[in-house]
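The next block holds one structure in the form of structure tokens; read it before the comments.
Fair warning: this is a prediction, and the values are worked out from it, not measured in the lab.
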Amino acid sequence: LATGPRQNNGIFYEIRTYDIKLAKMKEFLELANKHFHLRTAHSELVGFWYTDLGALNKVFHIWKYDNFAHRTAVRHALANDKDWQGKFFSVVVPMIEKQHSEVAYLVPWCELGKPPKEGGVYEWVTFHMKPGGPALWGEAFRAAINAHINTGYTRLIGVFHTEYGLLNTVHVLWWNESADHRAAGRHSAHEDARVVAAVRESVRFLESQQNVLLIPTQFSPLK
């Protein structure tokens, strides 16, 4: 089954999710704030967040790579970086319950965006679509996303389609000024006939979806 078009270069994004042990989140974030510059010296961090609603004790971070050879070189350099290994990695490993990694591409009709100002909250929405890839459901999904954008209540940051991990998964990252701003916008969107019609078409291809509300860390480029 065709996966459909994507960008014409090798750039991809690795989406990493860590489950942090109960009562260890504060300590983990303090160490990350202090030492994460050691990690970002090796490759580009898009954003780093911790969960506030929808799931607890999780951190999400997104990394940009030029291609798979670039990622391999970075991982090799990290394994040999004594400061990174000693000051952060070896210290936080006992705090982590579980790790999950996905490789994803930006969908071809989306460029990675930025919020209009610092602050606010991010919403990470994961859609598990029916097998077949964007060749099957891509246009309907795009129409549903555009319908939400056109209401003006929220700002799209990025739409990512998985290449490794659970396939036929699309992650959408939104930004809102606050959780209340997001709630008010959702209420308006649900009463907008254009949004309702677009979503009704898209959900024909939907298996399940879930979301979390994210707070950016001090060192996150997206904040």
Would you please test Tyr65 and Asn67 for side-chain contact (heavy atoms from CB on, under 4.5 Å) and show each step? CA-CA 5 Å; Tyr65 293 103; Asn67 48 48; over 6 Å; no
Apply side-chain contact (heavy atoms from CB on, under 4.5 Å) to the pair Ile215 and Val121, showing each step before the final yes or no. CA-CA 6 Å; Ile215 307 298; Val121 297; 3.8 Å; yes
Step-by-step side-chain contact (heavy atoms from CB on, under 4.5 Å) determination, Trp63 to Val46: CA-CA 6 Å; Trp63 299 89; Val46 174; over 6 Å; no
List the steps, then state whether side-chain contact (heavy atoms from CB on, under 4.5 Å) holds for Ile20 with Ile96. CA-CA 5 Å; Ile20 308 301; Ile96 300 173; 4.1 Å; yes
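Side-chain contact between Glu177 and Lys117 is present, with at least one heavy-atom pair separated by less than 4.5 Å. Annotation: side chain of Ile157 is not in contact with side chain of Trp174 (no heavy-atom distance under 4.5 Å). Ile15 is listed as a side-chain neighbour of Trp124, based on a closest heavy-atom distance under 4.5 Å. In this structure, Trp49 and Leu173 have side chains that are in contact, with non-hydrogen atoms separated by less than 4.5 Å. Using a 4.5 Å cut-off on side-chain heavy atoms (C-beta onward), Thr151 and Val195 make contact. His128 has its side chain out of reach of Gln209: every pair of non-hydrogen atoms, C-beta onward, lies at least 4.5 Å apart. By the 4.5 Å heavy-atom criterion applied to side chains, Leu106 and Leu112 are counted as neighbours.
For Gln99 and Thr17, the side-chain atoms include no donor-acceptor pair closer than 3.5 Å. Side-chain contact of Glu102 with His171: a donor-acceptor pair under 3.5 Å is present, judged by distance alone.
Within 6.0 Å of NE2 on His76 lie no more than 12 heavy atoms contributed by other residues, nucleotides or ligands. In this structure, Phe68 places its CZ atom where more than 12 heavy-atom neighbours from other residues, nucleotides or ligands lie under 6.0 Å away. For Phe89, the CZ atom counts as loosely surrounded, since its 6.0 Å shell holds 12 or fewer non-hydrogen atoms of other residues, nucleotides or ligands. For CD of Glu111, the number of neighbouring non-hydrogen atoms (other residues, nucleotides, ligands) closer than 6.0 Å is 12 at most. Shown here is Gln218, whose CD atom has no more than 12 heavy atoms of other residues, nucleotides or ligands within 6.0 Å. The local environment of NZ in Lys130 is crowded, with over 12 non-hydrogen atoms from other residues, nucleotides or ligands closer than 6.0 Å. Annotation for Arg16: atom CZ counts as buried by contact number, over 12 foreign heavy atoms lying within 6.0 Å.
A donor-acceptor contact shorter than 3.5 Å links the side chain of Trp175 to the backbone of Gly119. Side chain of Ser220 to backbone of Leu222: a donor-acceptor contact under 3.5 angstrom is found. Although no hydrogens or angles enter the test, the distance criterion places no donor-acceptor pair under 3.5 Å between the side chain of Thr169 and the main chain of Gly165. Looking at Asn33, its side chain does come within 3.5 Å of a backbone N or O of Leu29 through a donor-acceptor pair. Judged purely by atom type and a 3.5 angstrom limit, Asn176 has no side-chain atom pairing as donor or acceptor with the backbone of Ser178.
The aromatic ring centres of Tyr105 and Tyr13 sit 6.0 Å or more apart. The distance between the ring centers of His35 and Phe88 does not fall below 6.0 angstrom.
Distance CG/Leu206 to CE/Met129: 5.5 Å, rounded to 0.5 Å. If you take OG1 on Thr126 and CZ on Phe160, they are separated by 11.0 Å, rounding to the nearest 0.5 Å. The distance from the OH atom of Tyr50 to the CG atom of Leu213 is 10.5 Å, given to the nearest 0.5 Å. Here the CG-NE2 distance, from Asp192 to His148, works out to 9.5 Å after rounding to the nearest 0.5 Å. Of the inter-residue distances, the one linking Tyr122 atom OH with Thr154 atom OG1 reads 11.0 Å to the nearest 0.5 angstrom. Here OG1 of Thr40 is found 8.0 Å from CG of Leu38. Values are rounded to the nearest 0.5 Å.
The two residues Ala140 and Glu201 come nearest to each other via the heavy atoms CB-CG, 4.0 Å. Taking every heavy atom of both residues into account, Gly120 and Pro216 meet most closely at O-CD, 4.1 Å. Residues Val159 and Cys110 share a closest heavy-atom pair of N-SG, 3.5 Å. Between Ala147 and Ala198, the shortest heavy-atom distance links the atoms CB-CB, 3.8 Å.
Remark: Glu44 engages Lys64 in a side-chain contact (heavy atoms from CB on, under 4.5 Å) (not counting sequence neighbours). Residues passing the side-chain contact (heavy atoms from CB on, under 4.5 Å) test with Leu78, sequence neighbours excluded: Arg39, His42, Val74, Arg75, Trp84. Shown here are the ring pair (Phe, Tyr, Trp, His ring centres under 6.0 Å) partners of Trp137, two or more places apart in sequence or in another chain: His161.
Val172 and Leu167 fall into different hydrophobic clusters, where Ile, Leu, Val, Met, Phe, Trp and Tyr are joined by side-chain heavy atoms under 4.5 Å apart, directly or via other members. Residues Ile145 and Val196 do not share a hydrophobic cluster, defined by chaining ILVMFWY side chains whose heavy atoms lie under 4.5 Å apart. Connection of Phe12 to Leu45 is established within a shared hydrophobic cluster, with ILVMFWY side chains joined at heavy-atom distances below 4.5 Å, either directly or through further cluster members. Cluster annotation: Val125 is connected to Ile149 through the hydrophobic network of ILVMFWY side chains, with a link wherever side-chain heavy atoms come within less than 4.5 Å. Phe60 and Leu56 are not part of a single hydrophobic cluster, where members link through side-chain heavy atoms under 4.5 Å apart.
Using cut-offs of 30° and 60° for the angle between ring planes, the His61 and Phe48 rings count as parallel.
Taking 4.0 Å as the cut-off between side-chain N and carboxylate O, Glu30 and Lys26 count as a salt-bridged pair.
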